[in-house]
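Presented below is the structure to which this report refers.
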Amino acid sequence: MKVNYIRTPTNDFHTKLVTSVSAGVFPDVIIWNSSPGIEFSSTGKVVPMDDVVEEIGRGEFSEGTLKMFTVGGKLLEAPFMVRPAGIHARKDWLEAAGYDTTLKTGDNGKYYIEGIQTWDDLVEAGKKITDASNGKYGLGFGYSRKAFGDSAGFVFSVYASYGAKIIDEKGNMCIDSPEMRSVIDFLRRMWESGAVPPSATTWDGNSNNNYFIGGDIGMCLNSNSIMGKLNETTGCKPEDLLMIPMPKGPNGSYVEASPESITVFNTKNVAGAKEFAKYLLQTETQVEMFKTMGFGYYSPLKKSTAADSLFANLTDNQKVLMQDSLNAVGPSFPGEPNAKLSALYSAFLFDDILSHIAVDNWTDDQIIADMEKKAKETLFD
């Protein structure tokens, strides 16, 4: 089988895909982490992947992961692997502030760091390690629309952990809720804590990890591209890195780190595309991929891949990343994913909350009204 592989930079991927689909030109298969199968399901060109996953073994994947890609009882994308994300922190800064950074295990078998288990704990720790007079800030979170991806993922992780929703089980809009107002209240308290750099209102999608790598901020939420970029010449050294398990909200702990998935479109090459998908999902294929890539930038979703001896001796930081990967949620959570909810996520719904807080100085009522307007236009008009 000959595969014509076309690599598209992440920042250009969605625009190029929308342009192509609008022109009636569909690729045979896409591997991407922004749910293209869900977003473009209304075109009728997305091929269900249930038979592929059944052949590989449905039990190889968590039901939560499969649910993330299931609409109307059909699996529209096959889980591939995930870019693990979590709270990257400066171990040395936290220890200097009196924190015990030993990774501990609770009665439920989950990892935690003493004193930094909730979102409010994270803000408190950020305040303690901030030294604004020397240009050092505890929390690196972009309060800017230009930080799309990082900022949206941050808000979405908080949103899911507070149990907020856009629509209820009956399909009615339910944005103005105690849960959503608690989310906004938390995001405002984080901004007003003084632990976030004032320049965060101008950050783009690379800023929080660049500032962390450079040694200017103490904690940030990011996919784990950071781990592979630290060395003895960077402001943050490899030995300084501490992965903190994702903070909990009233509804639990979640991280917006949409898994890479395999989406097949109904073209003349459907059979070949499905065979290619099966090849990518074979355990031996995935193990060879991880031997080449190493662990950290990606994490396995397939259980037999994760159980391979290749992952038998993970570091504490890698253990936390693996745990967080199991709590990954896509941008349509909670509830069944659909194309309109995915489109709403891409329309800066969550990024704009941050901008309205830090730049516009809007009230909670103004922010809620703006969210309802956007949701109504995208979901119902």
Side-chain angles (χ1 to χ4, degrees), residues 10-11 13-14 32-36 38-39 64-65 68 81-89 119 122-123 139-166 180 183-184 186-187 190-191 196 200-201 203-212 217 219-227 243-249 251-261 296-299 301 320-321 323-334 337 341-355 357-358 371:
T10 300
N11 290 342
F13 203 117
H14 188 260
W32 196 33
N33 65 358
S34 292
S35 299
I38 305 299
E39 181 173 353
T65 300
M68 193 186 306
M81 55 182 66
V82 64
R83 288 182 61 181
I87 303 296
H88 297 67
W119 285 107
L122 188 77
V123 172
L139 302 172
F141 293 86
Y143 274 68
S144 164
R145 192 186 235 226
K146 291 185 291 185
F148 177 69
D150 286 348
S151 56
F154 158 47
V155 176
F156 198 86
S157 299
V158 177
Y159 158 96
S161 71
Y162 272 79
K165 295 183 180 181
I166 302 299
M180 187 67 78
V183 169
I184 296 171
F186 169 77
L187 297 174
M190 176 178 270
W191 173 251
V196 180
T201 57
W203 283 7
D204 61 23
N206 296 312
S207 296
N208 63 346
N209 45 334
N210 286 342
Y211 277 94
F212 182 85
I217 56 177
M219 292 184 281
C220 69
L221 170 59
N222 206 269
S223 64
N224 202 41
S225 56
I226 287 177
M227 187 178 284
M243 292 303 304
I244 298 176
M246 279 299 292
K248 294 182 293 187
N251 195 48
S253 173
Y254 298 94
V255 56
E256 197 283 301
S258 301
E260 300 281 341
S261 63
Y297 194 78
Y298 280 99
S299 175
L301 284 170
V320 171
L321 282 167
Q323 175 175 288
D324 285 346
S325 295
L326 299 177
N327 292 325
V329 294
S332 294
F333 181 91
L341 279 173
S342 293
L344 188 61
Y345 179 89
S346 301
F348 301 101
L349 180 75
F350 297 107
D351 310 76
D352 282 347
I353 298 175
L354 299 172
S355 294
I357 288 172
M371 292 179 71

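Both backbone and side-chain heavy atoms feed into the values below; hydrogens, waters and symmetry mates do not.
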Shortest non-hydrogen separation from [X] to [Y] and the atoms involved:
{"X": "A89", "Y": "I244", "answer": "CB-CD1, 3.6 Å"}
{"X": "V123", "Y": "M190", "answer": "CG2-CE, 3.8 Å"}
{"X": "N251", "Y": "Y162", "answer": "CB-C, 3.8 Å"}

Side-chain ([X]) to main-chain ([Y]) donor-acceptor, under 3.5 angstrom:
{"X": "Y143", "Y": "L187", "value": "yes"}
{"X": "S151", "Y": "D351", "value": "no"}
{"X": "S223", "Y": "A85", "value": "no"}

When rounded to the nearest 0.5 angstrom, what is the spacing between [atom1] in [X] and [atom2] in [Y]?
{"X": "L139", "Y": "L221", "atom1": "CG", "atom2": "CG", "result": "11.5 Å"}
{"X": "C220", "Y": "F141", "atom1": "SG", "atom2": "CZ", "result": "7.0 Å"}
{"X": "S346", "Y": "E39", "atom1": "OG", "atom2": "CD", "result": "5.0 Å"}
{"X": "K248", "Y": "W119", "atom1": "NZ", "atom2": "CH2", "result": "13.0 Å"}

Quick one, [X] and [Y] - any side-chain contact, counting heavy atoms below 4.5 Å?
{"X": "I38", "Y": "L341", "answer": "no"}
{"X": "Q323", "Y": "P245", "answer": "yes"}
{"X": "L349", "Y": "Y159", "answer": "no"}
{"X": "D352", "Y": "M371", "answer": "no"}
{"X": "L354", "Y": "F154", "answer": "yes"}
{"X": "T201", "Y": "W191", "answer": "yes"}
{"X": "F212", "Y": "M219", "answer": "no"}
{"X": "V155", "Y": "E256", "answer": "no"}

By side chain to side chain donor-acceptor pair (under 3.5 Å) - contacts of N222 (at least two apart): D150, N208
Salt bridge (Lys or Arg N to Asp or Glu O under 4.0 Å) involving R83 - partner list, sequence neighbours excluded: none
Ring geometry between Y345 and F156 (parallel below 30°, tilted from 30 to 60°, perpendicular above 60°): perpendicular
Close aromatic pair by centroid cut-off 6.0 Å: W203 and Y211: yes
Residues S207 and N210: side-chain donor-acceptor under 3.5 angstrom: no
